[in-house]
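A short worksheet on the structure shown next.
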Amino acid sequence: MSGIRGLRDYTPDETEKFEFIRQSFTDLARLYSFRLMEPSPMEALETLEAKSGPGIRNEIYFFMDKGGRELGLRFDLTVGITRYACEDRGAQLPIKLASFADVFRYDEPQKGRYRWFYQWDIETYGSAHLESDAEMIDFTGSLLSKVGIKDYIIKIGDRGVVEEYIVKRLGRRGEQAIELMRALDKVDKKTNRELMEEYTAKGFGEYEVRKVLELGRIEGRAEEVESMMKEEGVSTQRMMELADLLKGTGTNFDICLSVVRGIDYYTSVVFEAFDANEQGIGSLAGGGRYDSLPKLFGRDDLPATGVAGGVERLMLAIGDRKALEKGQRIYVAYTGGKIKEAISISSLLRRMGKEVMVDLQRRSLSKQLEIASRSGYEKVVIVAPEEISRELVIIKNMKDKTESRVELKSLSKEIL
RNA sequence: GCCGCCAUCGUAUAGUGGUAGUAUCGGGGCCUGUGGAGCCCUGGGCAAGGGUUCGAUUCCCUUUGGCGGCCCCA
C-alpha cells in the first residue's frame with residue numbers, strides 16, 4: 001500500500017513543528033493587526049484562471065462537479081482572499097487579512113515540494129503606499145526570526161525598475177520583456193553561458209542578454225544599486241524609499257534586481273526570503289505588489305500587496321531545532337491493582353492542566369517506570385496500596401531518583 | 001507534463017534464480033512496590049501486476065510510489 005503521489009501524512013513529530021509555526025504565525029499576524037480568515041478551499045475554475053491565465057490548468061486540480069460546474073482546488077490563498085476582499089465593498093481601508101491553510105498543486109513532487117501543502121499568507125488591500133509593502137517585508141523577517149531562522153535574507157527587487165530598463169535601454173516590450181525577466185529569475189540558478197545560449201536561441205541578441213544578466217548580478221546595498229542604475233538613466237526612487245522605511249525595522253534585506261518572481265501579475269515591488277544557511281530548499285516566502293488582480297475582480301480602487309510562504313519548507317529549514325517548549329509531563333504509575341485510583345488522580349492532574357500519561361496496558365510497576373523513564377518523563381506519581389490507604393501518593397523525581405510521599409490534597413502544590 | 005536514478009520488516013541495512021538475515025523499534029518474560037542495562041521468547045518484510053523459468057524477492061516489462069533535473073513555483 002502506498003500513498004497518493006505528492007501527498008503524505010503528517011507524523012506527530014511533524015505536527016508538533018507545524019503547530020509551532022502556525023502559532024508563531026497567528027500570534028504575529030495579530031501583533032501586526034492582520035485579521036485571520038480562511039477562503040473557501042475550492043473556487044470556480046474561472047476565478048483561479050484570473051490570476052495566471054488558462055495555463056494554470058496544467059498546474060492545478062480541477063474537475064467538473066455533479067452540477068456541471070467547473071471547479072478547482074485552490075493553488076494558493078491569494079486568489080481566494082482577494083476575491084473575498086473585493087466582494088466586501090463596505091470595508092474600511094486598508095483591509096488587512098491573514099490566512100494559514102492548505103493548498104493543492106498538480107506539480108511533480110520533490111523534496112520540500114508536495115501536491116498538498118500549507119501556506120501562511122498576509123495581504124493588505126487599499127493602500128498604494130510603500131508603507132504597506134514595507135510592512136510585508138518586515139512581517140516576513142519577523143516571522144522567520146521568530147521561528148528560529150535568524151540567518152534569513154530577504155531579497156527585494158522592483159519589476160518597475162527592471163521593466164523600465166528593458167523598455168528604455170533595450171527596446172523590448174510586452175511578451176518579450178517578460179521573457180527577458182524570466183532570464184533574470186534564473187540568474188541564481190544557471191551560469192551566464194547557459195543563459196546566453198538559452199536566450200540567444202530564443203532570438204534575443206547577445207548584447208541585450210548580456211545587459212540583462214549584468215542587471216541580474218546586481219545585488220547589494222540600496223545605495224550601490226542606486227548609483228549603478230543612475231548611470232543607466234533608470235529611476236530607483238521607489239526602491240530607495242522602501243529601503244529607507246525598512247531600515248527602521250531591523251529587517252535583513254538586500255536589493256537584488258534578479259528577483260522578479262515568476263507570476264505575471266506582480267506590478268512593482270517583489271521580494272523573496274531565504275535561509276542563508278540552507279540553499280537547497282529554495283525560497284521560504286515570496287511576495288510583492290499586485291494591484292492588477294483586484295482590477296480583474298472589478299475593483300480598480302483596491303491596490304494590493306502581500307506575502308505568502310510555504311510551511312513545509314519552513315519546517316525543513318527549522319530542521320531539528322527545538323520547536324515547541326514542552327510543558328511538564330507527568331506519568332502516573334500504579335501498583336497493587338490501584339488502577340482506579342490512578343485514573344482518578346490522572347483526571348485530577350489533567351483538570352489542573354498537566355499533561356498526564358497513565359498506563360493503559362496493566363503493566364507491572366517496573367515496566368511502567370521503565371517506560372516513563374525512557375519516554376523522558378521527569379516526574380512520576382506512584383499510586384500504591386499502602387500509601388493510598390493513608391491518602392498519600394509517592395512523587396518520584398526521575399532525574400535525581402529521589403522520592404517523597406505527599407498528601408493527595410496537596411498534590412497540586414507539590415507537583416509544580 | 002517530460003527526462004534520469006531508485007524501491008527488502010515500522011525504521012536502518014545484508015543477501016540470493018530454490019521465498020530472506022542483522023540492528024533498532026513493537027509485544028511479553030526474568031521482575032504484578034521501584035526505572036533507562038542485561039538475557040530469553042515473540043510479532044513483522046522482498047511495493048503491485050504481468051512475463052521469462054521446473055522454480056522469481058533476484059532477470060525483463062508495466063503500474064504505483066520516492067528522489068534528482070526540466071518547467072513552474074512554496
Side-chain angles (χ1 to χ4, degrees), chain A residues 1-9 11-13 21 51-53 55-60 74-78 100-121 140 182 185-186 189-190 194 198 259-264 266 270 272-275 280-287 306-317 331 333-339 342 359 361-388 392-403 405:
Chain A
M1 202 159 43
S2 54
I4 296 168
R5 187 165 174 79
L7 277 60
R8 81 277 179 51
D9 302 310
T11 65
D13 281 347
I21 290 172
K51 187 176 172 186
S52 314
I56 197 70
R57 288 186 184 218
N58 296 327
E59 289 159 42
I60 66 175
R74 61 183 174 205
F75 60 89
D76 74 3
L77 299 170
T78 307
F100 188 104
D102 51 345
V103 299
F104 301 83
R105 278 186 208 179
Y106 200 83
D107 243 358
E108 273 317 292
Q110 265 154 53
K111 200 173 190 65
R113 186 164 131 174
Y114 306 95
R115 287 182 171 178
W116 170 59
F117 61 97
Y118 279 80
Q119 283 192 325
W120 58 265
D121 188 309
T140 304
R182 291 230 168 85
D185 207 26
K186 294 175 185 169
K189 277 190 164 179
K190 295 187 173 177
E194 285 171 323
E198 188 175 337
V259 173
V260 292
R261 315 264 302 136
I263 306 171
D264 298 341
Y266 284 111
V270 287
E272 291 189 22
F274 298 87
D275 180 349
I281 301 177
S283 72
L284 295 173
V307 56
V311 174
E312 282 74 5
R313 285 192 180 180
L314 208 47
M315 285 162 69
L316 279 173
Y331 196 101
Y334 54 82
T335 184
K338 293 296 176 190
I339 306 177
D359 174 65
Q361 309 293 107
R362 303 197 177 182
R363 280 189 258 247
S364 68
L365 180 61
S366 66
K367 211 67 171 177
Q368 292 178 56
L369 287 168
E370 184 185 326
I371 284 166
S373 167
R374 272 204 293 178
S375 311
Y377 288 87
E378 286 179 18
K379 286 197 173 158
V380 176
V381 173
I382 302 174
V383 184
E386 199 182 312
E387 284 79 4
I388 204 72
L392 296 173
V393 291
I394 304 164
I395 297 179
K396 187 175 178 82
N397 185 322
M398 302 301 273
K399 265 195 172 159
D400 55 25
K401 305 186 179 196
T402 57
E403 50 182 68
R405 283 164 175 72

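Letters A, B, ... are given to chains in the order of the sequence lines, protein chains preceding strands, and every chain is numbered from 1.
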Under 3.5 Å for both donor-acceptor distances, Watson-Crick or wobble: does [N] have a partner, and if so which one?
{"N": "B:rU64", "value": "B:rA7"}
{"N": "B:rA56", "value": "none"}
{"N": "B:rC72", "value": "none"}
{"N": "B:rA37", "value": "none"}
{"N": "B:rU22", "value": "B:rA12"}
{"N": "B:rC31", "value": "none"}

Can you find a pair of side-chain heavy atoms, one from [X] and one from [Y], that are under 4.5 Å apart?
{"X": "A:Tyr334", "Y": "A:Arg362", "value": "yes"}
{"X": "A:Ile21", "Y": "A:Tyr118", "value": "no"}
{"X": "A:Glu108", "Y": "A:Arg5", "value": "yes"}
{"X": "A:Arg105", "Y": "A:Glu59", "value": "no"}

What's the closest nucleotide to the side chain of [X] if the choices are [options]?
{"X": "A:Tyr106", "options": "B:rG35, B:rC72, B:rG1", "answer": "B:rG1"}
{"X": "A:Arg105", "options": "B:rU34, B:rG36, B:rA74", "answer": "B:rA74"}
{"X": "A:Glu108", "options": "B:rC71, B:rG69, B:rU34", "answer": "B:rG69"}
{"X": "A:Pro385", "options": "B:rG33, B:rG35, B:rA74", "answer": "B:rG33"}
{"X": "A:Ser364", "options": "B:rG35, B:rC71, B:rU32", "answer": "B:rU32"}

Quick one: closest heavy-atom pair of [X] and [Y], and the distance?
{"X": "A:Ala384", "Y": "A:Lys338", "result": "C-CG, 4.3 Å"}
{"X": "A:Gly336", "Y": "A:Pro385", "result": "CA-CG, 3.8 Å"}
{"X": "A:Ile60", "Y": "A:Tyr106", "result": "O-CB, 3.8 Å"}

Look at all strands and tell whether [X] reaches a base, only sugar-phosphate, or nothing, counting heavy atoms closer than 4.0 Å.
{"X": "A:Ala384", "result": "base"}
{"X": "A:Glu386", "result": "base"}
{"X": "A:Gly337", "result": "nothing"}
{"X": "A:Arg74", "result": "nothing"}
{"X": "A:Tyr114", "result": "base"}
{"X": "A:Gln110", "result": "base"}
{"X": "A:Gly6", "result": "sugar-phosphate"}
{"X": "A:Lys186", "result": "sugar-phosphate"}
{"X": "A:Asp107", "result": "base"}

Gap between atoms CD and P, on A:Glu378 and B:rG36 respectively (whole Å):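 Nearest whole value for this atom pair: 18 Å.
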Pairwise 5' ranking along RNA chain B for A:Arg115 and A:Tyr334, keeping only the more 5' one: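 The residue whose closest nucleotide sits nearer the 5' end is A:Tyr334.
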Which residue lies more 5' along RNA chain B, comparing A:Pro109 with A:Ser375 via nearest heavy atoms: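 That would be A:Ser375.
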Side chain A:Glu403 and base B:rG35 donor-acceptor under 3.5 Å: no
Distance-only donor-acceptor test, A:Glu370 side-chain atoms vs B:rU34 base atoms, 3.5 Å: no
Any donor-acceptor N or O pair under 3.5 Å, side chains A:Thr402, A:Asp400: yes
[atom1]-based separation of [M] from [N] [nearest Å]:
{"N": "B:rG26", "M": "B:rA14", "atom1": "P", "result": "23 Å"}
{"N": "B:rC61", "M": "B:rC54", "atom1": "C1'", "result": "22 Å"}
{"N": "B:rC59", "M": "B:rC67", "atom1": "C1'", "result": "24 Å"}
{"N": "B:rA20", "M": "B:rU52", "atom1": "C1'", "result": "23 Å"}
{"N": "B:rC2", "M": "B:rU13", "atom1": "P", "result": "30 Å"}
{"N": "B:rU32", "M": "B:rU22", "atom1": "P", "result": "29 Å"}
{"N": "B:rG17", "M": "B:rU24", "atom1": "P", "result": "29 Å"}
{"N": "B:rC46", "M": "B:rU11", "atom1": "P", "result": "12 Å"}

Ring geometry between A:Tyr331 and A:Tyr377 (parallel below 30°, tilted from 30 to 60°, perpendicular above 60°):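 Rings of A:Tyr377 and A:Tyr331: perpendicular, over 60°.
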Reading 5' to 3' through nucleotides 40-45 of chain B, protein heavy-atom contacts under 4.0 Å coded B for base, S for sugar-phosphate only, - for none: ------
Short side-chain N/O contact to B:rG35 OP1/OP2 from A:Gln368, under 4.0 Å: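 No, no such contact exists.
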Among A:Lys401, A:Lys396, A:Lys399, salt bridge (charged side-chain N to carboxylate O under 4.0 Å, His left out) partner for A:Glu378: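 The single option meeting the salt bridge (charged side-chain N to carboxylate O under 4.0 Å, His left out) with A:Glu378 is A:Lys399.
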Salt bridge A:Glu198-A:Lys186, side-chain N to carboxylate O under 4.0 Å: yes
At a cut-off of 3.5 Å, list every protein nitrogen or oxygen paired with a nitrogen or oxygen from nucleotides 24-28 of chain B, distance to 0.1 Å.
from, atom 1, to, atom 2, distance (Å)
B:rG27, OP1, A:Arg363, NH1, 3.4
B:rG28, OP2, A:Arg363, NH1, 3.2

Any donor-acceptor pair under 3.5 Å from A:Arg115 side chain to A:Pro109 backbone: no
